[in-house]
Amino acid sequence: MSAPTLPTSTAAKPGTHRPGGAGAARSPRASFARELRRNLTAHGFLIGAVLCFSFFSWYPMVREFFLAFQKTEDGRTTWAGWSNLTTVYNDPAFWQAWQNTLLFTALALGLGFVVPFVVALVLNEFRHAQGYLRLLVYLPVMLPPVASVLLFKYLYDPGYGLFNEILGFLHLPEQQWLQDPGTAMLSVAVAATWMNMGGATLIYLAALQGIPGELYEAAELDGAGVLRRIWHVTVPQTRLILSLMLLMQIIATMQVFTEPFLLTNGAGPEGSTTTVVYLIYQYAFNFNDYGAAAALGLVLLVLLAGFSAAYVKLSRAEDE
């Protein structure tokens with residue numbers, strides 16, 4: 001005969017905690033430490049990015065603001081008020097630099113904004129070897145900028161340059177590409193477009209490949225030709241990317257420096273390629289006037305910031 005089973009006690013033993021009880025709750029400090037350990041890598045990257053932006057972007061902008069209103073003479077720094085801005089404003093090269101910069105921006109947008117979009121449209125029509133074509137288009141971006149500029153300086157050479165060789169083969173008059181004030185800025189814009197169009201082309205191509213094919217089929221059934229399909233389907237579907245790239249290219253072209261500095265030694269014939277950033281370089285490193293350089297840089301910063309703010313506001317108003 002088996003022994004009777006004793007009822008099991010439901011009381012918790014001393015020193016033990018039931019799940020879900022008050023002992024299971026962790027303190028806020030322990031939870032924070034656990035989350036911090038779990039996201040340590042993410043926090044490390046975030047802190048590194050903030051430090052880099054602070055040291056290389058934000059601090060120079062703040063320092064430039066103070067330098068624009070200071071003057072250093074004989075090792076002594078004093079407040080100069082608006083005198084640096086007055087010096088820059090009264091410089092005859094100031095207005096020429098702005099005129100050249102706006103001319104380069106117009107030329108670079110006419111080439112660097114339209115040409116990559118057209119190339120992307122052509123590449124989007126290829127069904128085979130598209131990867132090799134993308135690599136070919138992006139190859140100039142992977143080259144060092146100095147090497148690309150020196151290559152174009154060789155091509156523009158009036159004696160043995162390839163461009164004049166082509167003109168001679170076509171029985172056309174040869175050109176002084178970089179020595180003529182009328183063609184110097186255009187030559188700089190062509191070189192800059194070739195160097196930088198690869199990235200914009202790939203961005204446009206990615207946007208084009210995201211357009212549903214049914215839209216093109218419907219437009220074709222309605223009798224729309226190639227140009228009408230591009231205007232009524234492609235452009236509206238890529239409007240966001242086009243507007244963003246337009247803003248970025250305007251900001252980039254207004255700060256051009258490398259191409260005119262290496263192709264035409266900065267100023268160019270009769271000052272035809274003197275840009276605002278090159279004038280800042282002259283103030284700082286040729287004239288040792290860091291206050292005037294900072295003042296001109298502040299003017300450029302305020303202008304681009306105002307343009308960007310106005311552009312964003314107009315874009316939001318249009319979307320609403």
Side-chain angles (χ1 to χ4, degrees), residues 28-73 75-85 87-88 97-98 101 105 108 141-142 144-146 192 195-196 198-200 202-203 240-241 243-261 275-316:
R29 182 177 299 179
S31 300
F32 175 76
R34 187 179 71 255
E35 293 297 329
L36 183 62
R37 286 194 300 269
R38 182 181 301 172
N39 301 309
L40 184 60
T41 303
H43 282 82
F45 281 113
L46 180 61
I47 293 173
V50 171
L51 290 177
C52 287
F53 271 104
S54 301
F55 187 76
F56 294 106
S57 295
W58 299 330
Y59 171 74
M61 285 191 292
V62 174
R63 180 60 176 160
E64 179 189 21
F65 177 80
F66 285 104
L67 277 177
F69 300 97
Q70 293 177 343
K71 186 175 290 291
T72 302
E73 294 179 351
R76 297 175 54 191
T77 301
T78 57
W79 288 100
W82 300 97
S83 63
N84 290 326
L85 293 171
T87 301
V88 169
W98 279 108
T101 301
T105 300
V141 182
M142 295 186 287
V146 176
M195 290 168 53
N196 303 303
L202 294 187
I203 293 175
L240 179 61
I241 297 297
S243 60
L244 178 62
M245 292 299 295
L246 177 63
L247 175 62
M248 294 177 62
Q249 289 190 24
I250 290 177
I251 294 175
T253 53
M254 291 287 289
Q255 303 178 63
V256 62
F257 174 78
T258 304
E259 292 85 354
F261 182 74
T275 61
V276 174
V277 178
Y278 177 71
L279 189 58
I280 295 174
Y281 169 84
Q282 280 191 315
Y283 278 128
F285 300 104
N286 292 343
F287 308 147
N288 292 324
D289 192 348
Y290 296 101
L296 183 54
L298 184 62
V299 172
L300 180 62
L301 173 65
V302 170
L303 179 66
L304 292 179
F307 171 78
S308 302
Y311 187 86
V312 170
K313 186 175 181 179
L314 291 175
S315 299
R316 289 180 179 176

Out of curiosity, [X] [atom1] to [Y] [atom2], how far, rounded to the nearest 0.5 Å?
| X | Y | atom1 | atom2 | value |
| --- | --- | --- | --- | --- |
| Asn84 | Asp289 | CG | CG | 6.0 Å |
| Ile47 | Cys52 | CD1 | SG | 12.0 Å |
| Gln255 | Thr275 | CD | OG1 | 10.5 Å |
| Ile203 | Leu244 | CD1 | CG | 8.0 Å |
| Leu85 | Leu296 | CG | CG | 9.5 Å |
| Met61 | Glu64 | CE | CD | 9.0 Å |

### Evaluation steps, side chain to side chain contact (heavy atoms under 4.5 Å, CB included), between Val256 and Val277
CA-CA 7 Å; Val256 62; Val277 178; over 6 Å; no
### Message
Check this for me: Phe53, atom CZ, are more than 12 non-hydrogen atoms of other residues, nucleotides or ligands nearer than 6.0 Å?
### Response
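At most 12 heavy atoms, drawn from other residues, nucleotides or ligands, come within 6.0 Å of this atom.
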### Query
Does CZ belonging to Phe257 count more than 12 external heavy atoms closer than 6.0 Å?
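Enclosed.
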### Query
Is it true that a side-chain atom of Ser243 and a backbone atom of Leu240 form a donor plus acceptor pair closer than 3.5 Å?
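It does hold such a pair.
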### Task
Check for a donor-acceptor pair, side chain of Tyr290 on one end and backbone N or O of Lys71 on the other, with a separation under 3.5 Å.
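Between the backbone of Lys71 and the side chain of Tyr290 there is no qualifying donor-acceptor contact (under 3.5 Å).
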Could you report the tightest heavy-atom contact between [X] and [Y], atom names first, then the distance?
| X | Y | result |
| --- | --- | --- |
| Ala68 | Ala294 | N-CB, 3.6 Å |
| Ala97 | Leu279 | CB-CD2, 4.0 Å |
| Ala293 | Ile280 | CB-O, 3.6 Å |

Checking [X] now: which residues fulfil ring pair (Phe, Tyr, Trp, His ring centres under 6.0 Å) with it, not counting sequence neighbours?
| X | value |
| --- | --- |
| Phe69 | Phe65, Trp82 |
| Phe285 | Tyr281 |
| Phe287 | Tyr283 |

### Message
Run the side chain to side chain contact (heavy atoms under 4.5 Å, CB included) test on Gln249 and Thr105 for me, step by step, so that the C-alpha distance in whole Å, both residues' side-chain angles and the decisive distance to 0.1 Å come before the verdict.
### Response
CA-CA 8 Å; Gln249 289 190 24; Thr105 300; over 6 Å; no
### Message
Val141 vs Asn196, test: side chain to side chain contact (heavy atoms under 4.5 Å, CB included). Steps then yes/no.
### Response
CA-CA 6 Å; Val141 182; Asn196 303 303; 5.8 Å; no
### Query
Name the one of Ile251, Leu247, Val299 that satisfies side chain to side chain contact (heavy atoms under 4.5 Å, CB included) with Leu304?
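That would be Ile251.
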### Query
Quick one: does Val50's side chain get under 4.5 Å of Phe55's, heavy atoms only?
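Val50 vs Phe55: side chains apart.
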### Check against side chain to side chain contact (heavy atoms under 4.5 Å, CB included), Val276 and Met254
CA-CA 8 Å; Val276 174; Met254 291 287 289; over 6 Å; no
